[in-house]
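To keep things clear, I will list the structure first and then write my remarks on it.
As the structure is a computational prediction, the values presented were derived from the model and not from experiment. Whatever order the structure lists them in is the order used to number ligands and atoms, beginning at 1.
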Amino acid sequence: MSDCLFCKIAAGDIPSSKVYEDGQCLAFHDIDPQAPTHFLVIPKTHIGSVAEVTEDNAAVAAHIFTVIAKVAKDLGLDSYRVVSNIGEQAGQSVPHLHFHVLAGRDMTWPPG
Ligand code: 5GP
Ligand code: ZN
């Protein structure tokens with residue numbers, strides 16, 4: 001999608017601090033980290049949010065979870081939180097599917 005920030009990051013048109021990349025997805029550090037480790041994992045194809053995951057595009061979503069597990073292991077994370085905000089009330093500010101991976105500090109529950 002031409003005016004989507006994360007599509008531009010996925011295409012390399014906007015630089016990011018990459019953690020991992022393959023043909024289907026990209027992981028990069030969040031520009032405003034909320035924990036000592038905070039990276040995002042996105043599909044390279046545009047999907048608006050978890051609400052737009054369907055049987056037709058679910059393979060990339062499943063792949064992203066394997067990437068989260070691999071990158072977390074490679075970074076030596078033994079405890080971390082995976083978050084995806086869907087819609088304005090939940091705090092989604094970029095309308096391209098992304099999973100936050102946060103680690104390195106005590107977390108509270110429930111989230112605010
Ligand atoms: P959301 O608010 O949609 O759940 O998460 C969007 C995340 O993207 C936020 O944590 C925000 O800090 C991050 N973000 C927004 N713009 C950029 C950017 O240009 N580069 C990077 N690396 N992160 C961004
Ligand atoms: Zn997009």
- Message: Students often mix this up, so state it plainly: with edges at 30° and 60°, are the rings of His100 and His38 parallel, tilted or perpendicular?
- Response: tilted

- Query: What salt bridge (charged side-chain N to carboxylate O under 4.0 Å, His left out) pairs are there with at least one residue in residues 47-66, not counting sequence neighbours?
  - Reply: none

- Query: Okay, side chain of Lys70, backbone of Phe65: is any donor-acceptor separation there less than 3.5 Å?
  - Reply: no

- Could you walk me through whether Cys25 and Tyr20 pass the side-chain contact (heavy atoms from CB on, under 4.5 Å) test, one step at a time? CA-CA 8 Å; Cys25 71; Tyr20 173 89; 4.1 Å; yes

- Tell me the protein N, O or S atoms under 2.8 Å from the Zn ion (ligand 2), in chain and number order. Cys4 SG, Cys7 SG, His46 ND1, His96 ND1

- Item | Test applied, side-chain contact (heavy atoms from CB on, under 4.5 Å); reference residue, Leu102; option that passes from Thr37, Val83, Val82, Asp30 | Val83

- Query: For the side chain of Gln34 and the backbone of Asp32, is there at least one donor-acceptor N/O pair under 3.5 Å apart?
  - Reply: yes

- On a heavy-atom basis, the closest approach of Ser2 and Lys8 is O-CE, 3.1 Å

- Message: Check for me, please, whether Ile14 and Leu40 land in the same ILVMFWY cluster - side-chain distances under 4.5 Å, paths through other members count.
- Response: yes

- Message: If the criterion is any heavy atom closer than 4.0 Å to an atom of ligand 1, which residues make the list?
- Response: Leu5, Phe6, Ile9, Phe28, His29, Asp30, Ile31, Asp32, Leu40, Asn85, Gly91, Gln92, Ser93, Val94, His98, His100

- Message: Can you pull out every side chain to side chain donor-acceptor pair (under 3.5 Å) where at least one residue sits in residues 79-98? Sequence neighbours excluded, please.
- Response: His46-His96

